[in-house]
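Below is one structure, written out as structure tokens; comments come after it.
Not measured: the values here are computed from a predicted model.
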Amino acid sequence: MSSKRLVIVGGGISGLAAAYYAEKQFPEMNITLLEAEGRLGGKVATYRDEGLTIERGPDSYVARKHVLTDLIEEIGLGEQLVRNNTSQAYILDVRGLHPIPKGAVMGIPTDLELFAETSLLTEEEKAEVSERLLHPAPDLTIPETDIPLGEYLRPRLGDALVEKLIEPLLSGIYAGDIDRMSTFATYPQFVANEQKAGSLFEGMRLMRPLDQQQGPTLKATGQFLSLATGLESLVERLEEVLERTEIRLETPLRSIEREEDGRYRLETDHGPEYADDILLTIPHHQVVSLLPEATLPGLANLSTHSTATVTLIFDKETALPIDGTGFIVNRRAPYSITACTAIDQKWNHAAPNHTVLRAFIGRPGKDALVRESDEVIERVVLEDLENICGRPLQPERVVISRLLDGLPAYTVGHAQRIQEVREIVSSHYPHIHLAGLAYDGVGLPDCVAGVKATLEQMALQQPEPCPES
């Protein structure tokens, strides 16, 4: 009897990690990976030139999410892991740049003495935050069902802190409006730690990095990790270590049909493929079109928005009036950019011989600029940065990278809707599985963790091998 066959559709980090783990978990299974484009990696791409190592997509991941670190070390890239520098970062509002308060975890104060130094809030607003944190309202209850993140945070912190600090910090990560974002699907640790410690203030103090917990004498440690050779090295190494996976580039999937014997026929531009199991790691709107027998409103109605990164590269002698790792822009500030990172300040490995700014554009509901020409985008971003810096800027070169309709919004009820989607797909299309950033989290570690969980579930569905006669 021939070996079973798994076809993984999508060659981004989710698909590649799936192939790597599947080789280990299913040693007898034939594995094929189909990728529509001519390269692997999806959103992960690194610009390398003249000593520059600059990410065109995600530039790092949260260090406390160990699943990706474990994978990196397992495939032999552990020595390339680097942490970000911990210089000052800022919030830009209509009044100018304000240092992000020290001792804050995801914008929530954990040291009220340090928080009192911030210029971002008025004295009255800071007093309100302290009062709410130290003396929570007696009618506050820990939510048992999903609610908007803004609805969860406002009574615990006040509108001022949410609008001026937390919204700029958190909403961009999950591509959403803080008053529509799912608390349970985006930041469940807020609720979990409040429940554990008895208040949000004490709960967030449990999340402080070790250097903050042990006092100011311990040197601050960066909370993000990347690779000195660029995150695309992860893609390259995964491709290298795959031993049994047949990779087919430039092979878009057109349709999926179930055969009478229970196997699936996948029509591609290069002919049919056949599979016993399928793992779809492609964008969710493609999943909807490929599985017409399953009605999937949870995916069909999942909204997305587009973003772009605009990297401006200057010679090393160009001094920019940004003393720190960068800034995040309040949505009420009169600028098109949403954030800007001083790459050479944040990462020691990225640009040792240059000064580099990496600006971001594209807010939910306001992402039309992303689809404009490179010339228009460059002009708008330069105008913003020149207004912020107070003088003309002349980069040596500009690198623009777009992510069109690539960031799904995790609105209230997201986790429940995704569970229902998977149940519907399993019912109508047995042995077809879903993974990727539309489901279990948008960060690189979230995608890897989601893939591992999906493969574990898939293993439970495999029939026991028949004993040899």
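- At distances below 3.5 Å, at least one donor-acceptor pair connects side-chain atoms of N84 with backbone N or O atoms of F224.
- No side-chain heavy atom of Y439 sits less than 4.5 Å from a side-chain heavy atom of T454.
- Applying the 6.0 Å contact sphere to CD of E37 captures no more than 12 heavy atoms from other residues, nucleotides or ligands.
- In this structure the side chain of R422 never reaches within 4.5 angstrom of the side chain of Q457, judged on heavy atoms.
- When side chains are defined from C-beta on, E73 counts as touching L81, because their heavy atoms get closer than 4.5 Å.
- A salt bridge does not link E293 with R258: every distance from a Lys NZ or Arg NE/NH1/NH2 to an Asp or Glu carboxylate oxygen is 4.0 Å or more.
- In this structure, R156 CZ and M204 CE are separated by 12.5 Å, a value rounded to the nearest 0.5 Å.
- In this structure, E163 pairs ionically with R154, as a charged nitrogen and a carboxylate oxygen lie closer than 4.0 Å.
- Crowding of R180 atom CZ: a count of heavy atoms from other residues, nucleotides or ligands under 6.0 Å not exceeding 12.
- Between D446 and K65 a salt bridge is recorded (basic side-chain N to carboxylate O distance below 4.0 Å).
- Ionic pairing of R5 and D276 is not present here: no N-O contact between side-chain nitrogen and carboxylate oxygen is shorter than 4.0 angstrom.
- Classified by interplanar angle (parallel below 30°, tilted 30° to 60°, perpendicular above 60°), the ring pair H433/H431 is perpendicular.
- The nearest pair of heavy atoms linking V421 to L296 is O-CD2, 4.0 Å.
- Sparse packing is recorded around CD of Q416, with 12 or fewer heavy atoms of other residues, nucleotides or ligands lying under 6.0 Å away.
- D384 contributes no side-chain N or O that, together with a main-chain N or O of Y335, makes up a donor-acceptor pair within less than 3.5 Å.
- Side chain of T183 to backbone of I147: a donor-acceptor contact under 3.5 angstrom is found.
- For the pair T118 (side chain) and P101 (backbone), a donor-acceptor distance under 3.5 Å is absent.
- Under the 3.5 Å distance criterion, the side-chain polar atoms of K126 are matched with a main-chain donor or acceptor of A116.
- Taking OG1 from T309 and CD from E55, the interatomic distance works out to 10.0 Å, rounded to the nearest 0.5 Å.
- Between P58 and K43, the closest heavy-atom pair is CD-O, 3.4 Å.
- With values rounded to the nearest 0.5 angstrom, L434 atom CG is found 7.0 Å from L299 atom CG.
- F115 is not listed as a side-chain neighbour of L133, based on a closest heavy-atom distance of 4.5 Å or more.
- Across all their heavy atoms, P364 and H305 have their closest contact at N-CD2, 3.7 Å.
- Here the side chains of V44 and L444 are in contact, with some heavy-atom distance below 4.5 Å.
- One distance of note links CD1 of I108 with CE of M207; it measures 8.5 Å at 0.5 Å rounding.
- In this structure, N85 contributes its side chain and S87 its backbone to no donor-acceptor pair below 3.5 Å.
- A salt bridge does not link E420 to R417: none of the charged side-chain nitrogens sits closer than 4.0 Å to a carboxylate oxygen.
- Side-chain contact between I178 and P148 is absent, with no heavy-atom pair separated by less than 4.5 Å.
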**Pair R132-E128, salt bridge (Lys or Arg N to Asp or Glu O under 4.0 Å): steps then yes or no** = CA-CA 6 Å; R132 287 179 181 269; E128 179 192 8; 2.9 Å; yes

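- A donor-acceptor contact shorter than 3.5 Å is absent between the side chain of S303 and the backbone of A409.
- Heavy-atom neighbours of E259 CD from other residues, nucleotides or ligands within 6.0 Å: above the threshold of 12.
- Taking 4.5 Å as the limit, some side-chain heavy atom of I75 sits within range of a side-chain heavy atom of L234.
- A side-chain donor-acceptor contact under 3.5 Å links Q88 to the backbone of I100.
- Under the 3.5 Å distance criterion, the side-chain polar atoms of R358 are left unmatched by any main-chain donor or acceptor of A339.
- Contact check for P408 versus L437: side-chain heavy atoms found under the 4.5 Å cut-off.
- Between R263 and D261 no salt bridge is recorded (no basic side-chain N to carboxylate O distance below 4.0 Å).
- Classification of R402 and D367 as a salt-bridged pair fails, no side-chain N sitting under 4.0 Å from a carboxylate O.
- Of the possible polar contacts, one joining the T281 side chain to the V9 backbone as a donor-acceptor pair under 3.5 Å is found.
- Residues L16 and G11 come closest through the heavy atom pair CD1-O, 3.7 Å.
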